[in-house]
Amino acid sequence: MRISTLSPHSSRDLNAAAAPLIRVSEVTKQFRLDDGREIQALRDMSVELGQSEFVALLGPSGCGKSTILRLVASLESPTSGLVEVNGRPPAELAKQHRLGVAFQDHALLPWLDVAANIALPFKVAGLPVDEKQVSELIRLVGLAGFERARPKQLSGGMRQRVAIARALILTPDVLLLDEPFGALDAVTRRQMNIELQRIWSEQRITTLLVTHAVDEALFLADRIIVLSGRPGRVIRTLDVPFARPRHADIMRSEAFHRLCDELTDALETPVEQTI
Amino acid sequence: MRISTLSPHSSRDLNAAAAPLIRVSEVTKQFRLDDGREIQALRDMSVELGQSEFVALLGPSGCGKSTILRLVASLESPTSGLVEVNGRPPAELAKQHRLGVAFQDHALLPWLDVAANIALPFKVAGLPVDEKQVSELIRLVGLAGFERARPKQLSGGMRQRVAIARALILTPDVLLLDEPFGALDAVTRRQMNIELQRIWSEQRITTLLVTHAVDEALFLADRIIVLSGRPGRVIRTLDVPFARPRHADIMRSEAFHRLCDELTDALETPVEQTI
Amino acid sequence: QTPAKVRVQIGWIPNVQYAGEWISLERNLFAKHGVSVEWYPGGPNALPAPVVLAAGKADLGYSTWFPLLDAVAKGNDLVMIAAVFPKNPLGIISLAKKPILKPQDLVGAKVLAQGPNEKTAIDATLSLAGLPVQWTQVPAGFSPEPLLAGEGDGYTAFGVNQTITLEQMGLKWGKDFHFVSFDELGFRTYGAVLMTTRAYLEQNRPAVIGYLRGIIQGWQENDKDPAVAARLATEKFGADFGLELKQQIRQNELQIPLTRYDEQGKLRLALDREVMSGPMYAAARATGRTNLPDVDKLADFTVVPEAHQGL
Amino acid sequence: MSELQPLEGTGVRRNAVGSLLASLKSLWGILVIVLLWEFWVTASQLNTIVMPRPLDVVSDIATAPGIYFASMAQTLLLAMAGLTLGMFVGTALAILTWLSRILAGLLTPLGLIFASVPVVALIPVLARIFGYDIRTVLAIVVIISFFPAFVFTSAGLRALPLGSDDLFRVLGASTFRRLWFLAIPAAVPEWAVALRLAAANSILAAMVAEFLMGTSGLGHLFHAARADLDMSRALGASAIATVISVVSFLAASGFEKKVRQNWS
Amino acid sequence: MSAMPSERMRTTLLGALGIGIFLCLWEVVGQLRLLGLSWPPLTEVLALLSNPARWGLFGRALAASLEALTVGYLIGLVCGIIAATLAHLTPSLKPGLDRTSAFIHAIPSIALAPLFILFLGRNATPAALAALSVFFVIYVATSSGLGSVPRPLQDLVQVLGGTRLTQFIRLDLPAALPVLASGMRLAAPAALIGVIVGEWFGAPRGLGVLVINAMQNFQIPLLWSAVLLAVLVSLTLFGLLGLLQHYVARRFR
Ligand SMILES: Nc1ncnc2c1ncn2[C@@H]1O[C@H](COP(=O)(O)OP(=O)(O)OP(=O)(O)O)[C@@H](O)[C@H]1O
Ligand SMILES: Nc1ncnc2c1ncn2[C@@H]1O[C@H](COP(=O)(O)OP(=O)(O)OP(=O)(O)O)[C@@H](O)[C@H]1O
Ligand SMILES: [Mg+2]
Ligand SMILES: [Mg+2]
């Protein structure tokens with residue numbers, strides 16, 4: 001199923017770690033507000049992800065990061081331009097249950113408890129629930145003991161961790177993570193980063209991660225894309241030079257700090273901000 | 001209205017920058033899950049905030065930080081122990097419209113647009129809406145042009161900024177902020193920090209801030225309280241030594257980095273984590 | 001002198017059944033006799049006149065005769081003063097292949113009957129005839145179809161209504177179908193009994209007399225041309241009830257003989273003490289009503305003759 | 001009404017008084033209505049053929065419990081059967097229209113027609129189709145119950161928790177699984193509202209239908225008693241219908257409350 | 001979920017097709033007398049309805065029923081909202097009001113109608129029964145809507161120091177509007193049923209009067225015409241209120 005064709009015309013083949021699995025090309029996305037005004041969320045945006053590549057998106061609030069993820073997840077369609085996964089419309093990926101997504105707003109089902117929320121993708125895919133894997137993931141995100149708790153009985157960070165576990169449960173082919181660790185304290189976040197790194201190294205899931213933490217992006221990603229303020233455009237692309245597997249220690253290295261500063265500077269480019 | 005009595009028996013008077021305005025003393029809070037199990041969110045927790053003091057709460061996910069805020073906001077009542085504001089039950093503060101709160105989940109009214117959501121506290125207090133102040137705050141949180149947009153048309157970070165503006169609009173006596181900048185990128189977050197600092201310096205609102213960012217806590221707070229994992233207890237209290245007004249430059253200082261590391265170490269104390 | 005106002009609760013919808021009223025109203029006959037009439041429609045589920053009288057919401061009222069007996073038994077001081085239909089049009093329709101013409105024909109029959117009143121009538125008819133009360137009730141509505149479909153041998157109906165439906169369907173009376181009234185089967189009742197409270201009658205006798213004179217003249221006029229009252233009912237007084245002129249004319253034709261007390265057709269509206277105390281009381285007893293008042297207490301036999309005298 | 005509050009505070013001490021007052025707290029409205037009734041009948045000296053007193057009605061029920069019970073059992077049974085069937089058909093139709101655009105297009109307007117038909121106007125027609133007996137009564141109750149089930153379930157199937165629709169799309173949920181794991185659970189609270197409305201109405205609809213054509217049941221008891229001007233019995237039948245209707249309404253309310261707690 | 005114009009068109013077409021099939025079936029069943037004389041062909045009913053000689057009759061009946069419907073609906077709506085609001089704002093009254101409204105609703109209309117005829121009058125009875133049905137539906141819908149505010153939003157207004165009244169105006173009411181709109185929609189047929197039953201018990205005119213008398217006199221086309229008119233009235237109201245419901249749901253959810 002994972003055949004991907006290498007496009008000879010792509011200008012980004014060099015950046016891609018492998019043949020592009022996900023292609024967002026020349027996409028513009030406009031939204032209309034109630035008062036009739038158009039918001040341009042993305043303008044001529046192009047991003048490509050190769051097979052098994054881990055790409056992080058950085059950018060100011062409201063620049064269209066979530067919109068890119070939603071385009072790849074086929075939850076939005078572009079106003080103009082093309083989104084493809086494996087040369088096919090992105091909706092097919094979802095239909096084959098090969099997509100794992102953690103939304104910015106968690107989207108837990110209020111009537112299911114933690115274990116059932118995490119097991120939901122199995123049920124939706126019509127697969128038998130792998131109870132062992134569910135409890136393994138619950139342990140991994142530090143929610144052991146809360147299997148029977150319902151979303152409203154969890155803290156903000158705990159809910160987010162349920163959403164992460166749910167995104168991982170089916171070992172998807174493509175993983176889309178929208179600020180998955182935003183509500184976590186630094187320590188828990190670090191643990192989660194390390195776990196995600198481990199899982200990724202084992203399964204090499206093609207991953208698109210939206211994050212606000214530069215160090216997180218550097219620690220996890222193969223490539224980092226920095227977006228401008230709205231309308232979002234790519235203003236900087238960085239191939240992360242650290243070899244894998246990466247140990248948490250690299251975060252203390254000189255090179256790491258230098259790249260951190262570099263990206264932070266890139267993010268601080270004055271923002272256009274038109275509606 | 002701001003008479004506060006100094007309790008001679010309080011053991012924390014020395015820490016408090018002024019007479020305790022908010023007193024959480026020996027509070028234990030238990031929740032019951034559906035399966036009948038008890039969760040102890042807080043155990044024998046005591047916190048005091050003096051008049052015009054800015055206190056930051058740090059602690060692992062699920063340790064009870066939001067619960068403390070909800071107790072002070074009189075949204076929960078303690079299983080045992082006492083919560084007082086100005087020597088009176090905390091509900092009175094809310095009744096007098098002297099409380100500003102930004103919740104972790106934003107809690108925007110879906111049927112109101114940005115401007116109306118921010119103006120809501122005026123309406124609830126039965127005051128005429130100060131349109132100038134509303135648009136001033138919209139500008140301050142970087143949402144100019146989105147006055148008429150409704151919450152579902154905003155990005156995650158934009159929603160959070162609406163919630164912050166709403167918490168500030170009435171220039172309250174007490175401000176409770178639950179990870180108000182969690183969904184913001186580093187740059188926007190820094191801007192917001194600086195703005196909050198400025199507002200606080202002008203109005204000296206007694207503030208309790210929950211955050212996961214150690215640097216944010218150090219930059220903003222007079223005092224930082226570090227909590228243990230669940231059940232939450234105070235494991236470390238730090239009086240922040242930086243003079244006010246603080247400039248963003250202090251974040252690059254040696255002392256700042258040292259305190260940062262110190263707090264991070266404190267946070268990394270192994271966690272008990274019983275349910 | 002202003003005419004006395006009389007409030008009348010009629011017992012059914014305002015159709016040609018009240019031909020006397022309509023003609024009298026149309027030709028101002030009531031006014032001539034010093035009364036002004038305000039009437040209220042009845043209908044399938046409307047309150048029976050005794051209840052409306054008991055509540056003081058009308059002065060005169062028409063109903064069948066059993067509700068009057070029941071109301072009196074429950075302590076209402078009501079008086080019966082006239083009967084528009086000395087012969088009750090309620091009866092049984094049957095088809096030629098198995099006609100029901102005498103009480104014996106009812107034994108073991110399947111009869112399509114609408115409600116509790118019809119059931120009581122058949123039970124009482126059989127017991128009055130000294131026959132075993134053996135028959136089957138088949139619940140039915142107001143369509144003759146089940147009868148035609150053979151779901152029952154007989155169908156309780158009004159001789160002035162459902163018979164017309166059958167005629168309109170092309171069936172011939174006496175050939176394709178038969179009708180026999182309960183009166184003919186021995187179960188005697190009056191139809192459209194006029195009643196009032198004793199107190200009203202005592203205090204407003206002239207008004208009651210005036211009203212009676214009005215309808216007597218109205219009914220007399222009706223004899224001349226059945227179409228007049230039918231047209232009045234369809235187009236004026238019952239215009240909101242969707243009546244059909246042809247049907248109303250036919251109904252009027254059929255009902256006129258029933259308003260006559262004898263073959264000469266003279267003594268309209270008058271009550272007959274002998275009939276009441278005899279067969280009608282027997283019929284009432286057969287329905288299980290035991291505690292019957294004295295006839296002279298129940299009815300005032302002097303009002304109608306007094307009305308006739310002045311004409 | 002306002003004097004009930006202070007009383008309540010003092011009454012808590014003694015258990016019996018306390019529970020009496022607790023039930024007063026929810027029953028005062030009914031009590032007021034019954035007292036007004038009694039007072040009004042006494043004051044205006046109405047004859048029993050117009051309006052009996054509450055006590056007449058109660059004593060009539062007490063003297064002929066057998067008749068009442070038989071009628072009640074019949075009506076209750078019919079109402080329950082009709083309710084079950086109607087809720088089932090309404091829910092099924094709502095689900096069908098959710099499942100298929102084509103069916104939705106074809107069936108929604110028809111569902112709306114049926115839902116908006118003043119059913120009582122159809123009684124004569126239905127009676128012809130189903131016969132003058134309990135089958136028509138059953139059909140009426142089915143249609144009456146169908147209505148809220150269809151309307152509320154349709155709405156509930158679309159009232160999804162924030163973001164959950166997106167979630168199911170990225171999980172690649174088949175239509176059937178989206179229905180089973182998302183839409184149906186999400187519709188349960190609204191479905192419970194439908195049940196609440198329909199439960200109360202089913203008894204009343206059965207009663208009206210029996211009144212017009214039945215040969216048994218509370219509606220018929222009412223009809224027959226009214227024909228005999230026996231208003232105590234007629235109102236007795238109504239009172240029984242009222243009580244079972246209220247009880248089924250309250251039972252359904254309890255169910256809805258429970259559902260709401262567990263569903264948010 | 002955005003409905004494209006073409007998609008909306010398709011739904012409309014399908015809907016028209018569905019209704020068309022239904023009407024054809026009606027005609028066929030009627031023509032072939034599959035359900036007997038009581039089910040006339042559609043064309044026969046339409047012929048009666050379009051007969052100008054009958055327009056006066058139908059017009060007066062329609063006007064009477066519509067007037068009773070409007071009056072009853074508005075009274076029931078206002079009373080229902082007021083009662084639900086009262087119950088919501090004064091929790092000590094709520095259990096009592098809940099029971100009372102359930103109780104009033106549970107009194108069979110066939111028992112109430114005769115009393116109303118006597119003591120409210122023949123003209124007011126249909127409206128009164130309609131008001132009762134509407135009251136109940138609106139009461140249930142409004143109280144369940146008022147209680148449907150998500151917890152976080154309640155918390156918000158509480159910490160802003162909102163009184164019960166502000167919470168009601170700013171939060172409960174807007175949140176209740178979608179459910180209230182569903183209730184209003186549901187109440188339209190309920191109101192019409194109230195009117196028709198009310199008219200059965202001796203009203204001077206109205207669609208219900210036509211229905212019951214046509215039934216008694218076996219005037220089948222007339223019966224169906226009256227039923228059809230009633231359905232049209234109900235469907236129109238249902239449709240219009242459906243638009244309202246749609247708008248409110250989009251605006252307040
Ligand atoms: N449904 C919508 N209707 C109208 N505008 C929308 C809609 N969704 C997003 N937008 C607009 O598109 C822009 C980009 O939104 P998006 O959610 O992609 O931002 P983001 O980069 O994820 O921001 P954040 O970091 O704050 O989550 C924003 O200006 C937002 O207002
Ligand atoms: N309503 C509730 N019912 C049951 N348990 C609850 C409830 N609210 C909170 N808890 C539990 O109380 C504990 C503390 O929750 P709280 O929301 O205060 O954490 P927190 O410190 O804010 O965490 P985070 O940083 O993840 O937001 C958690 O274990 C949570 O499961
Ligand atoms: Mg986003
Ligand atoms: Mg929290």
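Reminder, nothing fancy here: chain letters follow the sequence lines and each chain counts from 1. A quick note: this is a predicted structure, and the numbers were derived from the prediction, not measured. Atom set for the values below is all heavy atoms of this structure, side chains included, hydrogens, waters and symmetry mates excluded.
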*Rounded to the nearest 0.5 Å, what separation is found between the CG atom of E:Leu57 and the OG1 atom of C:Thr234?*
11.5 Å
*Taking the side chain as every heavy atom from C-beta outward, state whether C:Phe241 and E:Val209 have any atom pair closer than 4.5 Å.*
yes
*For C:Trp39, is it the side chain, the backbone, both or neither that has a heavy atom under 4.5 Å from a heavy atom of chain E?*
neither
*asked:* With a 4.5 Å cut-off on side-chain heavy atoms, are E:Pro204 and C:Asp240 touching?
replied: no
*What are the residues of residues 117-128 of chain E, in order of number, with any heavy atom under 4.5 angstrom from a heavy atom of chain C?*
E:Ile117, E:Leu118, E:Phe119, E:Arg122
*Taking side chain as C-beta onward, heavy atoms only, is C:Pro144 less than 4.5 Å from E:Phe218?*
yes
*asked:* Counting only non-hydrogen atoms closer than 4.5 Å, does C:Gln9 touch chain E with its backbone (N, CA, C, O), its side chain (CB onward), both, or neither?
replied: side chain
*asked:* Is C:Ala239 close to chain E through its backbone or its side chain, or both, or neither, when contacts mean heavy atoms under 4.5 Å?
replied: both
*Mark yes when over 12 heavy atoms from residues, nucleotides or ligands other than E:Glu67 sit less than 6.0 Å from its CD; otherwise mark no.*
no
_Gap between atom CG of C:Asn45 and atom CH2 of E:Trp200 - 0.5 Å precision_ = 7.0 Å
*Quick check: are there more than 12 heavy atoms from other residues, nucleotides or ligands sitting under 6.0 Å from NZ of C:Lys119?*
no
*Say you draw a straight line from CD1 of E:Ile220 to CD of C:Glu145; how long is it, rounded to the nearest 0.5 Å?*
7.0 Å
*At a heavy-atom separation under 4.5 Å, does C:Gln247 approach chain E through its side chain, its backbone, both, or neither?*
neither
*Mind listing the closest non-hydrogen atom pair of E:Ile212 and C:Pro44 along with its distance?*
CG1-CG, 3.8 Å
*Under a 4.5 Å heavy-atom cut-off, does chain C meet the side chain of E:Ala203, its backbone, both or neither?*
backbone
